[in-house]
A.B. asks: 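Before I ask anything, let me first share the structure, which is written out below as structure tokens.
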Amino acid sequence: MSASVLVDVLDDDERLFLEAERLRLQTDSFNSVVIINQAGEVQAASPESLQLTGMNLDTPGVQEALSLQEPNISAPYLSTVGNFIVFISHPIYDKAGTYRGLVGGSLYLKKESILNRLLGSHPYRDGSYLYVVSAEKELIYHPDTTRVGSVVEGNQAIDKVVQSQAGSLSLQNSQGITMLAGYAPVPLSGWGIVAQRPEVATLEPLEGLMHQVIHKTLPVAVISLLLVWWGARKIAKPLRQLAENARVMHSSGTESEISHVRSWYFEAHELKKALLMGMGFLKRNIERLDKDNRTDPLTGLLNRRGLEQELRVYEHTHRLFSVISVDIDFFKKVNDTHGHDVGDLVLKELGVQMLACVRSEDLACRIGGEEFLILLPDTPLEVAVEVAERLRAQVAATAMPIVGQITISLGVAMSPAEMTDSAVVLKQADEKLYEAKHNGRNRVEA
């Protein structure tokens, strides 16, 4: 703000001096203020007793500011009159953007300054203090002014803060006292501020407070722990029951056990609901997989694996049954003439005709290619022959998609009274099928 005001009065020595005085006295931040032109000549200085007006200053702070031509905070140095100072400056540019000099203020590090007033007073009387270091580890401010200007080595807090780190640690000061130190960098100036307090002074009130806290809170803590233990058991009970049932989810009756768990709070209720939904989903998936495993994907009829499972049950229970073996006559000609897509349509339609001719307890199967089979439980041979003949006639009278009329050949066999190997019956039905084909096709043999 002052730099912009000075642009219009650079040729008025009295106005320049008044502005320098105003800056020094109004904020009480600087020990001295100077206004310097671009050649390094002092045009005004406050206090006037410094007698710097008209001098060319070649001090490091001034020369650095003139060289940079931008706002700057110098490293500590000895001024022309022997003061250990930090020089804070701001450039002055005219309206055309031409550099015309600078206005700067000095902080006397070994005398009363704004740093002393800001950092030197605090409410603690226990050995706590603050100090400020430059980027070169040089003390800029310290309660012991005789140490200002000295370079500090071997101090961990200083080593870290000059590397722009912030934090805290325990260290020993120059008198060998263990201190707790907090440190933080000042990015604008490159300085670091370190606050130190004796470890004993820090921990002593904490120890007393800790004893008071333990004495007053122990009874409450015991009661609280008992309440927490009781509440935890009550909350955990439905979760434990759900977990135990989840481990034996495959067992019968588990779904009923889970349904009877008393889930009295929202989370347990949601978990119970998720378990029941999961079990239902799992059951449906198993049923679907079992069906897919036992079913021919093209016709929807039972496949060879499903047929073998049923026959094992018949063998184990010694259940009587009849078998009808079915084969499409000249099916290779259908595929060769119309393609396999049309052939698949014929196979699917034959599956529909088979299901229409059998009872609900009978099993219609596709066991490969154009080979089909019907399993008729508790059915004598003569009834099985009637079913086979009805199916043959129905297929011969039905127009198939694209192909038109087709015919089928059928072989019928019945299991013996003490059947132990169902493969024998299937082989007999196949032999009768081949006999039907040999005798002219479109016929039933038993």
A.B. asks: Using the test side chain to side chain donor-acceptor pair (under 3.5 Å), find all partners of Gln394 that sit at least two apart in sequence or belong to another chain.
C.D. replies: Gln353

A.B. asks: The test is side chain to side chain contact (heavy atoms under 4.5 Å, CB included); show your working for Tyr77 and Ile85 and say whether it passes.
C.D. replies: CA-CA 6 Å; Tyr77 66 93; Ile85 70 171; 3.4 Å; yes

A.B. asks: Sequence neighbours excluded, which residues qualify as side chain to side chain donor-acceptor pair (under 3.5 Å) partners of Arg359?
C.D. replies: Asp362, Thr379

A.B. asks: Which of these passes side-chain contact (heavy atoms from CB on, under 4.5 Å) with Phe372: Ile367, Val326, Ile324, Asp296?
C.D. replies: Val326

A.B. asks: Could you check whether any side-chain heavy atom of Tyr108 comes within less than 4.5 Å of a side-chain heavy atom of Val86, counting everything from C-beta outward?
C.D. replies: no

A.B. asks: Taking salt bridge (charged side-chain N to carboxylate O under 4.0 Å, His left out) as the definition, give me every residue that meets it alongside Arg304, ordered by chain and number, with sequence neighbours left out.
C.D. replies: none

A.B. asks: By side chain to side chain contact (heavy atoms under 4.5 Å, CB included), which residues pair with Glu48, not counting sequence neighbours?
C.D. replies: Phe17

A.B. asks: Is any side-chain heavy atom of Val346 closer than 4.5 Å to a side-chain heavy atom of Phe331?
C.D. replies: yes

A.B. asks: Do Val133 and Trp191 touch side chain to side chain, with heavy atoms closer than 4.5 Å?
C.D. replies: no

A.B. asks: Determine, step by step, whether Leu375 and Leu311 satisfy the side chain to side chain contact (heavy atoms under 4.5 Å, CB included) criterion, reporting the C-alpha distance in whole Å, the side-chain angles of both residues, the deciding distance to 0.1 Å, and the verdict.
C.D. replies: CA-CA 9 Å; Leu375 194 64; Leu311 289 174; 3.8 Å; yes

A.B. asks: Using the salt bridge (charged side-chain N to carboxylate O under 4.0 Å, His left out) criterion, which residues pair with Glu310? Sequence neighbours excluded.
C.D. replies: Arg294

A.B. asks: Between Arg312 and Glu315 (salt bridge meaning N to carboxylate O under 4.0 Å), is one present in this structure?
C.D. replies: no

A.B. asks: Determine the minimum heavy-atom distance between Ser170 and Gln156, stating which atoms define it.
C.D. replies: O-OE1, 3.9 Å

A.B. asks: Please report the interatomic distance CG(Leu347) to CD(Glu370), rounded to the nearest 0.5 Å.
C.D. replies: 7.5 Å

A.B. asks: Is a side-chain N or O of Thr295 found less than 3.5 angstrom from the main chain of Pro297, in a donor-acceptor match?
C.D. replies: no

A.B. asks: Are Val42 and Val62 side-chain neighbours, meaning at least one heavy-atom pair lies under 4.5 Å?
C.D. replies: no

A.B. asks: Can you list everything that forms a side chain to side chain donor-acceptor pair (under 3.5 Å) with Thr53? Sequence neighbours excluded, please.
C.D. replies: none

A.B. asks: Would you mind listing every side-chain hydrogen bond (donor to acceptor under 3.5 Å, both in side chains) that reaches into residues 334-346, with sequence neighbours excluded?
C.D. replies: Lys332-Asp336

A.B. asks: If you look at every heavy atom in Ser46 and Arg24, which pair is closest and at what distance?
C.D. replies: OG-NE, 2.7 Å

A.B. asks: What are the two closest heavy atoms between Leu355 and Ala364, and how far apart are they?
C.D. replies: CD2-CB, 4.0 Å

A.B. asks: What's the verdict on side chain to side chain contact (heavy atoms under 4.5 Å, CB included) for Val228 and Trp230, showing C-alpha distance, side-chain angles and the deciding distance?
C.D. replies: CA-CA 5 Å; Val228 169; Trp230 176 82; over 6 Å; no

A.B. asks: Show your reasoning for whether side chain to side chain contact (heavy atoms under 4.5 Å, CB included) applies to Ile374 and Leu363.
C.D. replies: CA-CA 6 Å; Ile374 301 175; Leu363 299 174; over 6 Å; no

A.B. asks: To the nearest 0.5 Å, tell me how far Leu350 CG sits from Lys348 NZ.
C.D. replies: 13.0 Å

A.B. asks: Less than 3.5 Å apart, any donor N or O on the side chain of Ser106 or Asn31 sitting next to an acceptor on the other?
C.D. replies: no

A.B. asks: Ring pair (Phe, Tyr, Trp, His ring centres under 6.0 Å) with Phe330: which residues, sequence neighbours excluded?
C.D. replies: none

A.B. asks: Is the closest side-chain heavy-atom distance between Ile408 and Asp327 below 4.5 Å?
C.D. replies: no

A.B. asks: Can you list everything that forms a side chain to side chain donor-acceptor pair (under 3.5 Å) with Ser89? Sequence neighbours excluded, please.
C.D. replies: none

A.B. asks: Using every non-hydrogen atom in the two residues, find where Pro401 and Val342 come nearest and quote the distance to one decimal.
C.D. replies: O-CG1, 4.1 Å

A.B. asks: Identify, with sequence neighbours excluded, every residue that meets side chain to side chain contact (heavy atoms under 4.5 Å, CB included) alongside Ala157.
C.D. replies: Asn155, Leu169, Leu171, Ala181, Tyr183, Val194

A.B. asks: Do Arg262 and Pro238 have side-chain heavy atoms sitting under 4.5 Å apart?
C.D. replies: no

A.B. asks: Taking atom CG of Leu302 and atom CZ of Arg366, what is their separation to the nearest 0.5 Å?
C.D. replies: 13.0 Å

A.B. asks: Identify every side-chain donor-acceptor pair in residues 63-74 under 3.5 Å, counting partners at least two apart or on other chains, and give the distances.
C.D. replies:
unit_1	atom_1	unit_2	atom_2	d
Gln63	NE2	Leu57	O	2.7
Ser74	OG	Phe87	N	2.9
Ser74	OG	Phe87	O	3.4

A.B. asks: Can you tell whether the side chains of Glu308 and Arg305 come within less than 4.0 Å, N to carboxylate O?
C.D. replies: no

A.B. asks: Pairs in or reaching into residues 152-178: which pass salt bridge (charged side-chain N to carboxylate O under 4.0 Å, His left out), with residues at least two apart or in two chains?
C.D. replies: Lys137-Glu153, Lys137-Asp159

A.B. asks: To the nearest 0.5 Å, tell me how far Ile36 CD1 sits from Leu52 CG.
C.D. replies: 8.5 Å

A.B. asks: Is any side-chain heavy atom of Ile88 closer than 4.5 Å to a side-chain heavy atom of Phe30?
C.D. replies: yes

A.B. asks: Search all heavy atoms of Leu301 against all heavy atoms of Gly351 and return the closest pair with its distance.
C.D. replies: CD1-CA, 3.8 Å

A.B. asks: For Glu14, look at atom CD and say whether over 12 heavy atoms of other residues, nucleotides or ligands are found less than 6.0 Å away.
C.D. replies: no

A.B. asks: Output the distance between atom CG (Asn56) and atom CD (Glu41), rounded to the nearest 0.5 Å.
C.D. replies: 5.5 Å

A.B. asks: Under a 4.5 Å cut-off applied to non-hydrogen side-chain atoms, are Thr407 and Val395 in contact?
C.D. replies: no

A.B. asks: Return yes if some donor-acceptor pair links the side-chain N/O of Thr98 with the main-chain N/O of Asp94 below 3.5 Å, else return no.
C.D. replies: no

A.B. asks: Report the distance from atom OH of Tyr99 to atom CG of Asn37, rounding to the nearest 0.5 Å.
C.D. replies: 9.0 Å

